[in-house]
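Okay, so here's the structure we're looking at.
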Amino acid sequence: QVQLVESGGGLVQPGGSLRLSCAASPRIFSTNAMGWYRQAPGKQSELVVMITTSGRANFADSVKGRFTISRDSAKNTVYLQMNSLKPEDTAVYYCHAIGSTHWGQGTQVTVSS
């Protein structure tokens, strides 16, 4: 049974925006903090942002001021709004239920002119 389903990646020019979505099962959404990770080719996985069930968020320094995160309890979905995108944001982005073994399938974000 798929617990986390991601959507919203794509190709965008530098300075553009994308919104990623992570739809979770109700149980996971209500009990787990959620994180967005990314992995670029040849680089280690990086935690981009984590949001608690109460809505507190912690961002990596590399995305502070450009990315925001939100939770929609009605839809059991976490959104990652990415603005002012840079080529170095190019990576596969994964959502993860913190403390569990559940990961999304990954979605490619490519920032290029």
Side-chain angles (χ1 to χ4, degrees):
Q1 183 178 0
V2 178
Q3 305 287 347
L4 299 173
V5 179
E6 301 169 21
S7 60
L11 172 65
V12 65
Q13 292 186 342
S17 298
L18 282 175
R19 189 179 77 161
L20 306 184
S21 301
C22 177
S25 69
R27 180 183 63 81
I28 286 176
F29 186 86
S30 64
T31 61
N32 289 80
M34 300 293 292
W36 283 97
Y37 291 75
R38 66 186 181 186
Q39 186 159 26
K43 294 186 177 181
Q44 287 189 326
S45 177
E46 173 189 20
L47 175 61
V48 176
V49 58
M50 184 183 74
I51 185 167
T52 66
T53 54
S54 61
R56 293 178 61 184
N58 289 302
F59 292 87
D61 288 343
S62 57
V63 305
K64 281 181 181 176
R66 300 188 297 122
F67 290 11
T68 59
I69 189 169
S70 59
R71 294 168 57 98
D72 185 334
S73 298
K75 297 182 178 180
N76 297 316
T77 298
V78 175
Y79 299 101
L80 180 64
Q81 179 67 42
M82 305 185 295
N83 300 324
S84 302
L85 283 161
K86 303 175 181 180
E88 51 263 45
D89 295 316
T90 296
V92 179
Y93 285 70
Y94 299 89
C95 67
H96 172 52
I98 304 297
S100 80
T101 59
H102 302 299
W103 291 82
Q105 79 278 16
T107 186
Q108 177 70 46
V109 171
T110 302
V111 185
S112 175
S113 55

Contact check, side chains of [X] and [Y], non-hydrogen atoms, under 4.5 Å:
X     : Y      : value
Pro87 : Ser112 : no
Ser62 : Arg38  : yes
Gln39 : Glu46  : no
Arg66 : Lys86  : yes

Value rounded to 0.5 Å, distance of [atom1] in [X] from [atom2] in [Y]:
X     : Y      : atom1 : atom2 : value
Gln3  : Thr101 : CD    : OG1   : 8.5 Å
Arg19 : Asn83  : CZ    : CG    : 11.5 Å
His96 : Leu47  : NE2   : CG    : 9.0 Å

Which pair of non-hydrogen atoms, one from [X] and one from [Y], has the smallest distance, and what is that distance?
X     : Y      : value
Ser84 : Asp89  : O-OD2, 4.4 Å
Thr53 : Ala33  : CG2-N, 4.1 Å
Ser17 : Gln81  : CB-NE2, 3.9 Å
Pro14 : Ser113 : CD-N, 3.7 Å
Tyr94 : Gly104 : CD2-O, 3.7 Å

Can you tell me if Thr107 uses its side chain to pair, donor with acceptor, with the backbone of Gly9 under 3.5 Å?
yes

Using the rule that Ile, Leu, Val, Met, Phe, Trp and Tyr join whenever any side-chain heavy atoms are under 4.5 Å apart, tell me whether Val92 and Leu11 fall into a single cluster.
no

List the steps and the verdict of side-chain hydrogen bond (donor to acceptor under 3.5 Å, both in side chains) for Thr90 and Glu88.
CA-CA 5 Å; Thr90 296; Glu88 51 263 45; over 6 Å; no

When Ile, Leu, Val, Met, Phe, Trp and Tyr are grouped by side-chain heavy atoms lying under 4.5 Å apart, directly or through other members, which residues fall in the same group as Phe29?
Leu4, Val12, Leu18, Leu20, Ile28, Met34, Trp36, Val48, Val49, Ile51, Phe59, Val63, Phe67, Ile69, Val78, Leu80, Met82, Leu85, Tyr93, Val109, Val111

Going by disulfide bond (SG atoms under 2.5 Å apart), name the pairs with one or both residues in residues 7-107, residues two or more places apart or in two chains.
Cys22-Cys95

Ser100: side chain to side chain donor-acceptor pair (under 3.5 Å) partners, not counting sequence neighbours:
none

